[in-house]
Amino acid sequence: MTSPFPSDDTDAMVARVRAGDERVFEGIFRAHYGSLCAFANTLVRSRETAEEVVQNVFLNIWTQRDHWEVRGSVRAYLFGAVRNQALNQIKRGQLERSWAEDSGDEGVLELHGSIPDPAALVEAEEMAAVVREAIDRLPPRARMAVQLRWEGQLKYSEIAEVMGISVKGVENQLSRALEALRRLLGDRGG
């Protein structure tokens with residue numbers, strides 16, 4: 001299926017998807033699905049999980065299309081969303097394995113503490129949303145460095161390899177990102 005828009009007409013495509021145009025959405029899906037699955041597979045190392053990650057990204061876009069915003073190209077947006085979803089999937093899998101391993105231990109509740117207060121959970125979620133929003137406002141390279149370090153738990157040398165820059169370049173990106181985050185979060189009273 002060919003797209004009704006030139007590949008560089010991001011604003012028009014996003015506007016049509018936001019308006020509920022299934023044909024344009026399907027065109028974006030078909031154009032990028034294969035390459036996104038291949039990319040996700042390099043992160044999660046499972047074809048089935050990679051497909052699930054990509055499908056979840058598209059499902060989230062469609063269900064939240066009224067609020068879908070793309071800075072830059074649709075392709076770059078999709079790869080970033082898949083990277084984030086894949087990293088979240090990896091973290092979720094690690095957490096589930098940790099809890100499964102701990103479930104046989106009688107001291108699990110002591111180790112993990114009591115069940116948190118619902119108000120505290122809501123407050124933590126709100127703060128996490130503010131931080132995510134601040135991270136999303138960072139320049140792309142700084143945002144990627146932050147996500148690889150904090151979400152991906154990668155070492156500086158691993159981040160340098162992924163980003164194709166030196167370790168010093170990673171340090172510079174993270175330093176600038178931290179400064180920007182302090183400013184952004186300070187402006188919000190956080």
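Note: hydrogens, waters and symmetry copies are ignored here, and every other heavy atom, side chains too, is used. Predicted model only: the values in this text are computed from it and were never measured. Throughout, numbering of the chain's residues begins at 1 and tracks the sequence.
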Flag the pair [X] / [Y] as yes when at least one side-chain heavy-atom distance between them is below 4.5 Å, and no otherwise.
X: Tyr77; Y: Ile61; answer: yes
X: Asn60; Y: Gln85; answer: yes
X: Val70; Y: Met13; answer: no
X: Arg75; Y: Ser35; answer: yes
X: Leu78; Y: Ile28; answer: yes
X: Arg23; Y: Arg16; answer: yes

So the salt bridge (charged side-chain N to carboxylate O under 4.0 Å, His left out) pairs with at least one residue in residues 152-167 (sequence neighbours excluded) are none
So salt bridge (charged side-chain N to carboxylate O under 4.0 Å, His left out) across residues 56-72, not counting sequence neighbours, yields none
With sequence neighbours left out, the residues meeting ring-ring contact (aromatic ring centres under 6.0 Å, His included) with Phe79 are Phe39
Residue set satisfying side-chain hydrogen bond (donor to acceptor under 3.5 Å, both in side chains) with Glu51, at least two apart, ordered chain then number -> none
*asked:* Salt bridge or not between Lys168 and Glu171? Use side-chain N to carboxylate O under 4.0 Å.
replied: yes
**Item:** Residues Ile165, Arg141; criterion side chain to side chain contact (heavy atoms under 4.5 Å, CB included); working and verdict
**Value:** CA-CA 10 Å; Ile165 60 176; Arg141 303 234 353 127; 2.8 Å; yes
In Å and rounded to the nearest 0.5 Å, what is the [atom1] to [atom2] distance from [X] to [Y]?
X: Asn84; Y: Leu43; atom1: CG; atom2: CG; result: 10.0 Å
X: Arg45; Y: Ile90; atom1: CZ; atom2: CD1; result: 8.5 Å
X: Arg176; Y: Glu179; atom1: CZ; atom2: CD; result: 9.5 Å
X: Arg83; Y: Met144; atom1: CZ; atom2: CE; result: 4.5 Å
X: Asn41; Y: Glu48; atom1: CG; atom2: CD; result: 9.0 Å
X: Leu59; Y: Gln64; atom1: CG; atom2: CD; result: 8.5 Å

Quick check: closest heavy atoms across [X] and [Y], and the distance to 0.1 Å?
X: Ala40; Y: Val54; answer: CB-CG2, 4.2 Å
X: Gln173; Y: Ala145; answer: CB-CB, 3.9 Å
X: Ala177; Y: Val146; answer: CB-CG2, 3.3 Å
X: Val167; Y: Ala160; answer: N-CB, 3.8 Å
X: Trp150; Y: Leu181; answer: CZ3-CD1, 3.6 Å
X: Ala50; Y: Cys37; answer: CB-O, 3.6 Å

Across all chains, not counting sequence neighbours, the side-chain contact (heavy atoms from CB on, under 4.5 Å) partners of Asp136 are Arg143
* Asked: With under 30° as parallel and over 60° as perpendicular, where do the rings of Trp62 and Phe25 fit, or are they tilted in between?
  -> tilted
Glu22 meets the salt bridge (charged side-chain N to carboxylate O under 4.0 Å, His left out) criterion, sequence neighbours left out, with none
